[in-house]
Amino acid sequence: MLNVKPGWKNWQLLTENGRHIWAFKPGSTNINGHLQNADNISDEEISQFAEDFRFDKSSNPNSGDKVFRHAAINAKFKEFSGQIPRADNPVQQKVTDALIKGMNYFACLQSEDGHWPGDYGGPLFLLPGLLIAAYITGTPFPRAHQEMMKIYLFNHQNKDAGWGMHIEGESTMFGTVMQYVSLRLLGVDKNNEQMISARMWIKNNGGATGIPSWGKFYLAVLNCYDWQGFNSLFPEMWLFPKWLPVHPWRYWCHTRMVYLPMAYCYAQRIKAPESELILSLREEIYNQDFATIDWPEQRNAVCEKDCYTTPSRVLKWMNLFTNNYEKFKCSWLRKKATDYILKYLNAEDEQTSYINIGPVNKAINSICIWHACGKDSEQFKKHVARWYDYLWVAEDGMKMSGYNGSQLWDTAFATRAMLESDLGKKFPATLAKSYQFIDYSQIKAGHPAHAEFFRHPIIGSWPFSTAEQDWPVADCTAEGLSATLAIHHSGLVKPAIDERRIKQAADVILSYQNADGGWATYELTRAPKWLEKLNPSEVFADIMIDYSWTECTAACVISLLEIQETYPDYKNSEIHKAISGGLAFIVKQQKTDGSWYGGWAVCFTYATWFGVEAITRAKGKFYYDDAILADCINKACAFLVDKQKADGGWGETFESCSKLVYTEAVASQVVNTAWALLSLMSAEFSDRKVIETGINVLLNRQTAAGDWPQENISGVFNYNCMITYANYRNIFPIWALSRYYKQTIQG
Ligand code: LAN
């Protein structure tokens, strides 16, 4: 039995077709009634929370998803009762046993609907947005939730009293001011000791005028910053003719969907009414009297600890123009623009069942809809109902997830990992359930307003999280497709996803290929690279357009290769061409040291795994010049061998992502180790010793129950913000062990 603290037991994860809701003392398992008891919390229970969710960031800022996992394991864990194959020697037996144990443990974490829930926290600028939305709209969270959020925020305060962009990051103005304000909104007294020292941090680093633009935005909405200190968002740009390269329809969808509601708030200069708290906050976070601040001077002020992307000269010129335009703007045009923005917002809300594309527009759209439709409107209520889809409870408190979950993604990977070897077939019930979830999650219909609002056709695709969220991704489609084919080939289930749907998925993947041969995330690249010059966020890089990525490209190439193997007659020459183009892109992306840079996880080991996997699968099949492919593989292997640590493992820190150079972690990491091993094994690297010592790291790190420890943060976006993938610590060691088993043990 794992130790479940009393306070943890009050929280229960309810799931329904991938939807996650953490309920406080739920009366039933009905997701819609999850708030029944949330205000019904005693002072003793609150002090119990403080006790049971105490978390020591200094040993590891990454929580291990224990609240969810311990409950699941205690309720469902059973030793594996099937037959474990006998291996030829003790070493091989150890691998076999570890793999069975790893899969058996992980199978217990699967929810009834077939997916693997997990912590998807990490960024620290998300919860504040939601709390500001809750505050301005007068819709506070229940007390139980508020207490848990406070705990989380305090738990992640750094030693220097500030907070970072994400849980592992050094303190920044953005992180610190946002968490400070959040804690105040949650009712924490300004004389609380941790608050006093946080304030010192803010003051010593120049005060909140130096918060980056996204922070300026939130503070302005909260009426703790003057809108005059904010560069114009030029709402009229939404009325631009579509052919213009700067029309927002061409932006990366996340950027587009964030700047859309921001533009509405800006056009309306939405701000919370002055209250005692607001007036006090104005005094707390600045180094100067609020009334005397020269606001226009602050528009480009950014604390040096926050600066990641320096605004270009073009952007400065553009700001000069748009800021001046504000003085002379024509009111009917402004109205036309806000009307259009509102229509667009409503479409996004409806298409996504009010989940929205992500955590940022989730919060800001709520504010806009409250403003436009009122607190009692159906639309606003629907928004509030979905706030809870983004909250997650772990042993460090209640956080806001970076998405409404990573359901499909984790399930597809888990399925493929287990089916990599025959041992996976010993878990037929688990795989049948994951198949059910994958089947359910494939997108079967479009929305009538998709085309009007620039959405890529989606029928046959898979999303990263849930079908309801309705924003499919190219490589999630590829993973969904590969997992489907893997299950079909296993013969474990009667196929429910028929040939028509498989071909639809292949068609979507084809439709997502860019002119450069690669694949981007949600859409095609819609504008030239120079648009990046207009990136107004000082904290993220490469956010303006949807770029082709090694990982996304490799995933799509692999799934197309599998389509060619399974349905050789289906669009043969078109798919052949697509694969060749994808390979050319991957080859071009390889760095001279043999590695690939990873944009969506930490980091070089991740993308190198994708690159090597795609190339080894395609080699010898007439898609590309084999000599070049062989050279790529050799270089990649040499790179990995060079990075192997003395204990046989691999380890990178998140700084690999932000600094763009391989940054070695002090200790090897199971997730990086697994990626490196997967690459070396797919390359059939000749020096088996290298692989065996790596495998040993995975064996030695495994816990008695079959879990692996939660180590460093694994995910990233936009180079500079990290994100948790709680299930990676199981999925990838299982995958690597499966492959090892297949190559060396399985007959
Ligand atoms: C994700 C999560 C999944 C990820 C992969 C599928 C792994 C990747 O291969 C493609 C990109 C994608 C879909 C992705 C893009 C950026 C996201 C949506 C996220 C990292 C999850 C959260 C992040 C989003 C942008 C966070 C909100 C922050 C903003 C700056 C708007």
Side-chain angles (χ1 to χ4, degrees), residues 118-130 165-166 174 212-215 217-218 251-262 308-309 352 355-365 390 400-413 461-466 469 471-480 512 518-523 535-544 546-556 558-559 596-603 606-607 609-610 654 657 713-725 727-728 731:
D119 187 338
Y120 200 53
L124 289 177
F125 63 95
L126 305 174
L127 186 57
L130 194 59
M165 264 285 268
H166 55 89
F174 191 25
S213 56
W214 286 29
F217 168 81
Y218 284 123
Y251 300 176
W252 186 41
C253 55
H254 275 280
T255 303
R256 180 166 86 233
M257 300 319 292
V258 166
Y259 280 100
L260 180 81
M262 273 190 181
Y308 187 69
T309 305
T352 62
I355 299 167
N356 297 147
I357 192 174
V360 179
N361 80 329
K362 172 70 223 167
I364 312 178
N365 280 21
Y390 281 91
M400 186 170 187
S401 310
Y403 218 64
N404 66 322
S406 52
Q407 294 86 332
L408 184 276
W409 184 250
D410 285 341
T411 306
F413 270 160
S461 63
W462 273 276
F464 178 68
S465 57
T466 58
Q469 188 259 3
W471 272 96
V473 184
D475 60 345
C476 299
T477 303
E479 297 301 343
Y512 268 128
W519 274 262
T521 65
Y522 297 75
E523 290 162 347
N535 176 359
S537 91
E538 307 84 348
V539 294
F540 304 114
D542 283 2
I543 62 163
M544 292 305 289
D546 206 338
Y547 295 89
S548 293
W549 289 95
T550 302
E551 303 100 292
C552 304
T553 305
C556 292
I558 291 167
S559 66
W596 280 268
Y597 173 83
W600 306 107
V602 182
C603 174
Y606 180 65
W609 165 51
F610 274 102
F654 75 83
C657 307
I713 201 153
S714 307
V716 62
F717 55 89
N718 309 140
Y719 299 77
N720 199 30
C721 192
M722 307 301 139
I723 189 159
T724 301
Y725 282 84
N727 290 321
Y728 279 13
I731 292 172

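We count ligands from 1, going down the list as the structure has it; atoms in each ligand are counted the same way.
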Distance from [atom] to nearest protein heavy atom, with residue and atom:
| atom | result |
| --- | --- |
| atom 5 (C) of ligand 1 | Asp475 OD2, 4.1 Å |
| atom 7 (C) of ligand 1 | Trp409 CZ2, 3.6 Å |
| atom 31 (C) of ligand 1 | Val258 CG2, 3.7 Å |
| atom 10 (C) of ligand 1 | Thr521 CG2, 3.6 Å |
| atom 22 (C) of ligand 1 | Gly402 O, 3.3 Å |

Under 4.0 Å from ligand 1, counting heavy atoms only, is it the side chain of [X], its backbone, both or neither?
| X | result |
| --- | --- |
| Asn361 | neither |
| Tyr120 | side chain |
| Cys476 | side chain |
| Cys552 | side chain |
| Trp471 | neither |

Closer than 4.0 Å to some heavy atom of [X] - which atoms of ligand 1 meet that?
| X | value |
| --- | --- |
| Trp252 | 15 (C), 16 (C), 25 (C) |
| Tyr522 | 13 (C), 18 (C) |
| Phe540 | 30 (C) |
| Asn718 | 30 (C) |

Over 60° means perpendicular and under 30° means parallel, so classify the ring planes of [Y] and [X], tilted if in between.
| X | Y | answer |
| --- | --- | --- |
| Tyr547 | Trp549 | perpendicular |
| His254 | Tyr522 | perpendicular |
| Phe413 | Phe610 | tilted |

Any [X] heavy atom less than 4.0 Å from ligand 1:
| X | value |
| --- | --- |
| Trp214 | yes |
| Tyr259 | no |
| Tyr725 | yes |
| Gly358 | no |
| His254 | yes |
| Trp549 | no |

When you measure from the side chain of [X] to the backbone of [Y], do you find a donor-acceptor pair of N or O atoms at a distance under 3.5 Å?
| X | Y | answer |
| --- | --- | --- |
| Tyr218 | Ser213 | no |
| Thr352 | Ile357 | no |
| Thr255 | Tyr251 | no |
| Ser401 | Tyr390 | yes |

message: Which heavy atom of Lys362 sits nearest to which heavy atom of Asn356, and what is that distance?
response: CA-OD1, 3.4 Å
task: List the steps and the verdict of side chain to side chain contact (heavy atoms under 4.5 Å, CB included) for Phe464 and Gln469.
output: CA-CA 9 Å; Phe464 178 68; Gln469 188 259 3; over 6 Å; no
task: Could you go through the side chain to side chain contact (heavy atoms under 4.5 Å, CB included) check for Asn720 and Asn718 one step at a time?
output: CA-CA 6 Å; Asn720 199 30; Asn718 309 140; 6.0 Å; no
message: Which option wins on minimum heavy-atom distance to atom 27 (C) of ligand 1: Val716, Asn404, Val360?
response: Val360
- line: Closest to atom 14 (C) of ligand 1 (heavy atoms only, candidates Phe125, Phe464, Trp600) is Trp600
task: Kindly say whether the aromatic ring centers of Phe125 and Phe174 come within a distance under 6.0 Å.
output: yes
message: Could you measure the distance from the CD atom of Glu551 to the CH2 atom of Trp519? Nearest 0.5 Å is fine.
response: 14.5 Å
Results of salt bridge (Lys or Arg N to Asp or Glu O under 4.0 Å) for Asp119 - residues two or more places apart only: Lys399
